[in-house]
Amino acid sequence: MPELPEVDRVRQGLEDLVLGARVTGLSLSWPKIIDQPSPEEFETIMLGLRLEGLGRRGKYLIFDWGEWAWISHLRMEGKWLVLPSDQAVDKHTHLVLQLDDGRDLRYHDVRKFGRIRLFPKAQLDEELARLNLGPEPWDLDADTFYQQLQRRKLAIKLVLLDQHVVAGIGNIYADEILYRARLHPEQPANTVSRIKSNRLVHYAGKVIEEAMAKGGTTIRSYTDALGHSGGFQQTLNAYGRAGLPCPRCQTPMKKIKVGQRGTTFCPRCQVLKKERR
DNA sequence: AACAGCCCCTGCCCGC
DNA sequence: TGCGGGCAGGGGCTGT
């Protein structure tokens with residue numbers, strides 16, 4: 001489940017590996033991954049384009065193809081792979097772009113949840129605006145964030161996962177941020193104190209930056225474009241540690257569901273506070 | 001406006 | 001061994 005740090009590593013990998021390459025052939029075996037335009041138009045437009053840049057916003061990858069651009073979201077298990085063209089195509093590979101250097105850029109996605117949107121690059125700003133993403137975690141403004149919490153009754157974890165509030169945080173890092181800030185994941189957002197809100201802002205930036213420095217987290221299937229795993233999983237305090245002792249107080253970590261999502265926290269360090277009026 | 005519910009998919013795990 | 005059912009889960013969409 002790639003989140004911001006993993007998506008950024010993918011971006012870097014692609015930049016190193018295929019920047020400047022030109023598309024000489026194309027095969028799209030699961031058209032639904034292209035949500036715009038039609039498969040036929042997609043093929044016609046892509047042939048001959050040169051990859052001129054790679055960007056990222058939140059968990060979205062941005063491919064600059066000169067006159068055209070993509071926004072690509074990997075969702076749960078999407079991967080971009082760069083492989084020699086003569087290597088056999090895996091059954092979960094849904095798009096193959098042959099490049100002019102004898103290699104392929106391939107989109108691989110077991111669950112077929114990921115999406116690619118193609119549009120004229122002149123529309124990039126409006127396409128990004130349409131996503132209505134919140135700031136990158138390290139750009140969060142403490143006042144704005146606290147104001148958003150005050151008008152939401154949702155569990156605080158679900159607010160951290162809301163891409164309109166802050167972009168790039170997913171299930172793993174949400175648990176880590178809440179653990180460090182010592183907040184119960186189900187604490188209603190509008191009952192989070194100003195101090196705790198500030199702590200969330202602080203740790204959101206810090207956890208994501210630390211994870212980026214370690215090349216992201218590999219839990220199930222994430223790898224970068226070279227097939228390398230991340231290194232942050234050794235640093236995880238909460239996610240995936242249900243039943244194991246809390247690194248701070250040794251109390252066994254507890255696993256619950258918050259808005260259909262598996263959530264691990266320390267029942268002693270992260271206590272639900274009573275609402276005050 | 002906020003939020004709940006549904007849908008997309010497949011691999012994996014469980015019980016029988 | 002084979003099979004059916006349940007589960008996981010980000011985000012887009014609809015309905016309230």
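Just so we're on the same page: letters track the sequence lines, and every chain starts at 1.
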ask   = Would A/Arg248 count as a cation-pi partner of A/Tyr179, with NZ or CZ less than 6.0 Å from the six-membered ring centre and within 45° of the ring normal?
value = yes

A/Trp65 six-ring centre to A/Lys121 NZ/CZ under 6.0 Å and within 45° of normal: no

Check: What nucleic acid atoms does A/Gly170 come within less than 4.0 Å of, heavy atoms only: base, sugar-phosphate, or nothing?
Finding: nothing

task: Give one of base, sugar-phosphate or nothing for A/Asp109, where a contact means two heavy atoms less than 4.0 Å apart.
output: nothing

Atom-to-atom span, [atom1] of [X] to [atom2] of [N] - whole angstrom:
X	N	atom1	atom2	answer
A/Leu158	C/dG10	CG	P	11 Å
A/Glu3	C/dG10	CD	C1'	10 Å
A/Lys255	C/dG9	NZ	P	6 Å
A/Glu77	B/dC8	CD	P	18 Å
A/Leu161	B/dA4	CG	P	13 Å
A/Glu186	B/dC3	CD	P	15 Å
A/Asp90	B/dT10	CG	C1'	13 Å
A/Gln260	B/dC3	CD	P	15 Å

Compare the minimum distances between each of [options] and the side chain of [X], then state the nucleotide with the smallest one.
X	options	answer
A/Met76	B/dC3, B/dT10, C/dG10	C/dG10
A/Arg115	B/dC3, B/dC9, B/dG11	B/dC9
A/Tyr239	C/dG9, B/dA2, B/dT10	C/dG9
A/Arg152	B/dA2, C/dG12, B/dC9	B/dA2
A/Leu154	B/dA4, C/dA8, B/dA2	B/dA4

Compare side-chain N and O positions of [X] against OP1 and OP2 of [N] and report whether any pair is under 4.0 Å apart.
X	N	value
A/Gln163	C/dG11	yes
A/Lys32	B/dC9	yes
A/Lys257	C/dC7	no
A/Arg261	C/dA8	no
A/Arg151	B/dA2	yes
A/His73	C/dG10	no
A/Lys59	C/dG11	yes
A/His92	B/dG11	yes
A/Tyr60	C/dG12	yes

Notebook entry, point to check: Should the pair A/Lys206-A/Glu176 be classified as a salt bridge under the 4.0 Å nitrogen-to-oxygen rule?
Noted result: no

Value for NE2 (A/His108) from CD (A/Glu77), rounded to nearest 0.5 Å, stands at 9.0 Å

Is a donor-acceptor contact shorter than 3.5 angstrom present between the side chain of A/Arg75 and the base of C/dG9? no

From the list A/Asn198, A/Leu149, A/Val159, side-chain contact (heavy atoms from CB on, under 4.5 Å) partner of A/Val192 resolves to A/Leu149

When you look at CZ of A/Arg57, are more than 12 heavy atoms from neighbouring residues, nucleotides or ligands closer to it than 6.0 Å? yes

